[in-house]
Amino acid sequence: MIAAPDRTPLTRDFFDRPVLEVAPDLLGRVLVRDSEDGPIELRLTEVEAYAGEADPGSHAYRGRTPRNSVMFGPPGHVYVYFTYGMWHCMNLVCGPEGMAGAVLLRAGEVTAGAELARKRRLSARSDKELAKGPARLATALDVDRSLDGSDVCGEKADPFMVLTGTPPRPDQVSSGPRTGVAGEGGVHPWRFWTANDPTVSPYRAHTPRRRRT
DNA sequence: CAGTCGATTCACT
DNA sequence: GTGAATCGACTGA
């Protein structure tokens, strides 16, 4: 059986473009996460671009480290980081190898496997909140550092795939400053979301943490 | 090797 | 709106 057009997996070429071009183009795409518990599918509604070593907001800003090395590798792979001692966040590496571009997946609408996502997101007050925020998205999909480096393209795509989906019309794509990014990195409008979508997370400026006593 | 802080979320006022 | 939770990565000495 031929796959429906909107169920076609995105190829490596899709990700092998400048990250600022790929990021808005990811809206409306469908991320599939397979696991032993079952599949979950997510329609992406909010992303942020991180533009490599020249971007002060990026984990790649100070060069390659053990944590961020996947960002420097080939496009079409998953970069997962652990933050605030509790949470994971998930990116898709974009752009040519060595450029360290990545797109943070900030929010989406769970379009399949909601029952499973609810079990992992007990604090969610409605299904709109299952993946409303990058750490919530990763929690709903059961993503952690063990999945860092996963390939999302071709035969080796496991446990993720990204399908063509239905991108929003260009006039429905909004952009603005990235959430929680400090200093100069905060000025660029490199956050992209689908206009008026209820699963998009609220914007917050960077908040410096109070000093511990 | 100690100090600092984070691409956040949640409970509570 | 405010503050706590919680720990690994990175920095600079």
Side-chain angles (χ1 to χ4, degrees), chain A residues 15 19-20 22-24 26-27 31 42 44-73 77-95 99-108 110 117-150 174-193 198-213:
Chain A
F15 299 97
V19 65
L20 289 176
V22 179
L26 277 168
L27 296 175
L31 175 67
L42 199 71
L44 296 174
T45 59
E46 183 190 359
V47 299
E48 275 175 3
Y50 288 84
E53 289 181 273
D55 176 3
S58 173
H59 289 170
Y61 184 50
R62 293 173 199 284
R64 188 173 191 148
T65 68
R67 174 174 72 153
N68 67 18
S69 67
V70 170
M71 295 179 85
F72 289 79
H77 291 252
V78 173
Y79 165 52
V80 180
Y81 66 87
F82 179 66
T83 191
Y84 288 101
M86 280 170 271
W87 310 110
H88 294 273
C89 295
M90 171 178 177
N91 299 251
L92 296 173
V93 176
C94 299
M99 294 281 288
V103 175
L104 172 68
L105 306 185
R106 288 197 57 89
V110 175
R118 286 185 204 111
K119 288 184 195 163
R120 298 172 176 160
R121 291 272 304 115
L122 295 177
S123 66
R125 284 172 299 174
S126 83
D127 284 2
K128 314 276 190 211
E129 295 184 353
L130 288 175
K132 185 179 192 157
R136 291 168 167 183
L137 184 153
T139 300
L141 297 182
D142 192 25
V143 170
D144 62 30
R145 282 283 284 168
S146 72
L147 298 177
D148 187 50
S150 298
S174 303
S175 64
R178 294 176 293 184
T179 298
V181 171
E184 305 170 31
V187 304
H188 304 107
W190 290 347
R191 172 178 179 246
F192 303 94
W193 66 94
T199 65
V200 173
S201 71
Y203 172 76
R204 289 195 209 79
H206 175 72
T207 52
R209 193 185 57 170
R210 285 220 312 176
R211 240 180 48 105
R212 228 199 61 186
T213 50

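Every value quoted in this text rests on a predicted model; they were computed, and no experiment measured them. Proteins get letters first, then strands, A, B, ... in listed order; numbering begins at 1 in each.
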Query raised in the report: Could you state the NE2-P distance from A:His88 to C:dC7, rounded to the nearest angstrom?
Result: 11 Å
Report summary line: Between CZ of A:Arg209 and P of C:dT6 the distance, given in whole Å, is 14 Å
Report summary line: Heavy atoms of A:Phe15 and A:Val22 approach each other most closely as O-CG2, 4.1 Å
Report task. Determine the minimum heavy-atom distance between A:Phe192 and A:Ser175, stating which atoms define it. Result -> CD2-CB, 3.7 Å
**Report entry** Aro-ring/base stack A:Phe82-C:dG8, d under 5.5 Å, angle under 30°
**Finding:** no
Query raised in the report: What is the ring orientation for A:Trp190 with A:His188, classed by angle as parallel under 30°, tilted 30 to 60°, or perpendicular over 60°?
Result: parallel
Report task. Sort and list the pairs that fulfil salt bridge (charged side-chain N to carboxylate O under 4.0 Å, His left out) and have at least one residue in residues 51-60 of chain A, not counting sequence neighbours. Result -> A:Asp55-A:Arg178
Table of protein N/O atoms under 3.5 Å from nucleotides 10-12 of chain C N/O atoms:
unit_1: C:dC10; atom_1: OP1; unit_2: A:Thr65; atom_2: OG1; d: 2.3
unit_1: C:dT11; atom_1: OP1; unit_2: A:Arg62; atom_2: NE; d: 3.4

Could you check if a side-chain atom of [X] sits within less than 4.5 angstrom of a side-chain atom of [Y], using non-hydrogen atoms only?
X	Y	answer
A:Tyr79	A:Asn68	yes
A:Thr45	A:Arg106	no
A:His88	A:Asp144	yes

Query raised in the report: Charged N to carboxylate O below 4.0 Å: is that the case for A:Glu129 and A:Arg121?
Result: no
Report task. Any chance you could encode DNA chain C as dot-bracket? Rule is Watson-Crick or G-U wobble with both distances under 3.5 Å; [ ] for pairs crossing earlier ones, | for another strand. Result -> |||||.||||||.
Query raised in the report: Partners of A:Arg204 by side chain to side chain contact (heavy atoms under 4.5 Å, CB included), sequence neighbours excluded?
Result: A:Thr179, A:Pro202
**Report entry** Results of side chain to side chain contact (heavy atoms under 4.5 Å, CB included) for A:Asp142 - residues two or more places apart only
**Finding:** A:Arg33, A:Arg120
Query raised in the report: Taking the C1' atom of each, how far is C:dG3 from B:dC5, in whole Å?
Result: 16 Å
Report task. Could you run through nucleotides 8-13 of chain B and give me one letter per nucleotide, 5' to 3': B if any protein heavy atom sits under 4.0 Å from the base, S if only the sugar-phosphate is that close, - if neither? Result -> BBS---
